[in-house]
Amino acid sequence: MSSFSFSSQSIRIQLIIMAVILTLPALGIIVYSGLKERSDDYHKAGIETQKLADHLAAEQESLIRDANQLGGFLAELPDVVDQHADKVQSIIRNTLKKNIQYQNILIADADGAVWASAIPLARPLSLTEMRYFKNARATKHFSSGEFMMGDASQKPSIEMAYPLVVHEVFCGVVVISFDLDILKTILKRSQLPLNSNYILTDHLGIITSRGSETGRRVGEKIQPADMKIMEAGPDRDTNEFVRSDGDRRITTYRKLRLPNESTPYMYVRAGISIKEAVASANRRLLYNIAIMVPFVALALIFALLMGNSSIVGPVKKLQSVSQLIAGGNLHTRVGDQVWGGELGDLARAFDEMAGALEKNIDELNQSQLLLHEKALLLEDEIAERQVVQEDLADKQHMLEVLNRTLEERIEFTVKELRQKDQALIQQNRFAAMGEMINNIAHQWRQPLNLISLIIQGLPEYDKMSQLKLDREIERIMNIILHMSQTIDDFRYFFRQDKEKIEFTANHAVAKAVEFVTPSLNDKGISISITELPEVTVFGYNNEYAQVLLNILSNAKDVLVERNIAEPSISISISRGINCSVVSIADNGGGISADIMPRIFDPYFTSKEKTKGTGIGLYMSKIIIEQNMGGRLTAKNIEGGVTFNIEV
């Protein structure tokens, strides 16, 4: 399914959409203003519920203060203390007539038996089980009760008890029963929206009074969930709830407590219907929208009329002319039918386009004639090219034959180069073996001299004891074992490695120096080592040592050949960036600048042909750089040359 595209719609649809879009800001302002007014009315309703709840709570607290004062006054009367029933009943009856907020006034003794009542009782009454009686007796303070139906008045009420205390002894209570319907006058004076209401509940959630009769009746409990919200909430809070008849209401509740009691004795909840609170704002919003609709309709009609006369009609004329031009009628013109504005410019452009097309078609016809002539010439050229292609195919065949023979020659050359490499390796091994034999000779020279001296003294040993003779023979055997160990060391040293391992450059240098020291000492060449501890190398241990021997051997030959006074070789072992660095320097005068670039080439040597093969440094370069991924370089220094091995 293709997605909606504004530009793909007809011009009429585009004009309608544009007209609607132009009216959207005004419509949006109306809707926003209406919603803002509705929100303000909702907020105002919340404030009104708070005011009503606060007013009711203040009135109830005023009633409680008055009752507390009345109870204290009555408790101090001598007739009450002495229980003169006739006199007391006259007093409380007159008091009840003057205070319409009270339903009845009772006085009971310490056992809860009522002995005086403002309204005559039909039967004896005991208050022992009443909450207010128990609390007053326990605390000796003004105490609250709960919902009840008055025995005498048969009207819903909530009662308070003031304790009669004589010389710190509880003697009974003065009970004041409230007529809570007096608070209905507050709702009538509030000028709140219709369906506004309030309820008063005791500490158990039983409705003791309400402003109107809509909803649950007096004496019934409110919803347990609503009661839990008020019990768990703060002393004053505003929220929404849905009444049992489905009406959504915004309510504010207040908790009322006596000064000496920790739990509320009454909950005052005032509520306003959200529907009624925002009804005025909704009506104004609908009114404003209703006024806006005719303007939108007029805008659409105006857009269609203007569009037909100014846009759609001229566009249709342009469309019909373009169809004629597309059918080949290039003499058609539209400039005299559409004029004014951009469409008039477009009509003139159509006329210019038609004229240009007519001219271009004439030129195209002429071009086709020329093209036909060139096509004939092209056919002749193609025939000639076919002959050239056949000749090219023959040469291509010859080239393929040449390529096949070239592959054979390349394969033969590669094999020949491999054989030369093997020869180089073999020659390097022979040179190494010769150097090894020379070093073995130097290693064996002193032991052989020592054995010779011991053997020359053997004729005198016939005069010695057997123990001393055995000791001299043991000396000879130790020397022979040392010589045998020397051969094993050299043989292991030149064994070819099979896999890379981690080893220290310190150990490899020390072993190589140990092998060449006798021959160096024989030539009077001193050697020194400067090193950092435990400089590790990852590679082929023996091949690495062979490189060291090649460089040390070359240094020795140069020092001897040039007859250097105080010849010396210095070795430095250090760490570079992620690599080990071994530098071998001598004071043999250095390497000539013209041959320095070629010292690592195969078969290149600066020695006499009988003294050098020219493959030692070449093989060293191969071992360090190709086999071990390192770098072998040389540079002249003051008085000599230094070779750097970085792995």
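With 3.5 Å as the limit, one finds no donor-acceptor pair spanning the side chains of Ser144 and Asn135.
Lys221 is linked by a side-chain contact (heavy atoms from CB on, under 4.5 Å) to Ile206, counting only residues two or more places apart in sequence or in another chain. Among residues two or more places apart in sequence or in another chain, the salt bridge (charged side-chain N to carboxylate O under 4.0 Å, His left out) test is passed with Lys44 by none. Under the salt bridge (charged side-chain N to carboxylate O under 4.0 Å, His left out) criterion, Arg93 pairs with no residue, sequence neighbours left out. Under the side chain to side chain donor-acceptor pair (under 3.5 Å) criterion, Ser33 pairs with no residue at all, not counting sequence neighbours. Under the rule for a side-chain contact (heavy atoms from CB on, under 4.5 Å), Leu286 has no partner lying at least two apart in sequence or in another chain. Residues satisfying the side-chain contact (heavy atoms from CB on, under 4.5 Å) test with Val166, not counting sequence neighbours, are Val81, Cys171. Remark: Phe142 pairs with no residue by the ring pair (Phe, Tyr, Trp, His ring centres under 6.0 Å) rule, at least two apart or across chains. Applying the salt bridge (charged side-chain N to carboxylate O under 4.0 Å, His left out) test to Glu534 and every residue at least two apart in sequence or in another chain returns nothing. Residues satisfying the side-chain contact (heavy atoms from CB on, under 4.5 Å) test with Thr128, not counting sequence neighbours, are Ser126. Evaluation of the salt bridge (charged side-chain N to carboxylate O under 4.0 Å, His left out) rule for Glu261 yields no partner, not counting sequence neighbours.
For residues 109-122, no pair satisfies salt bridge (charged side-chain N to carboxylate O under 4.0 Å, His left out), with sequence neighbours left out. Residue pairs satisfying the ring-ring contact (aromatic ring centres under 6.0 Å, His included) criterion with at least one member in residues 115-141, sequence neighbours excluded, are listed as follows: Phe133-Phe170.
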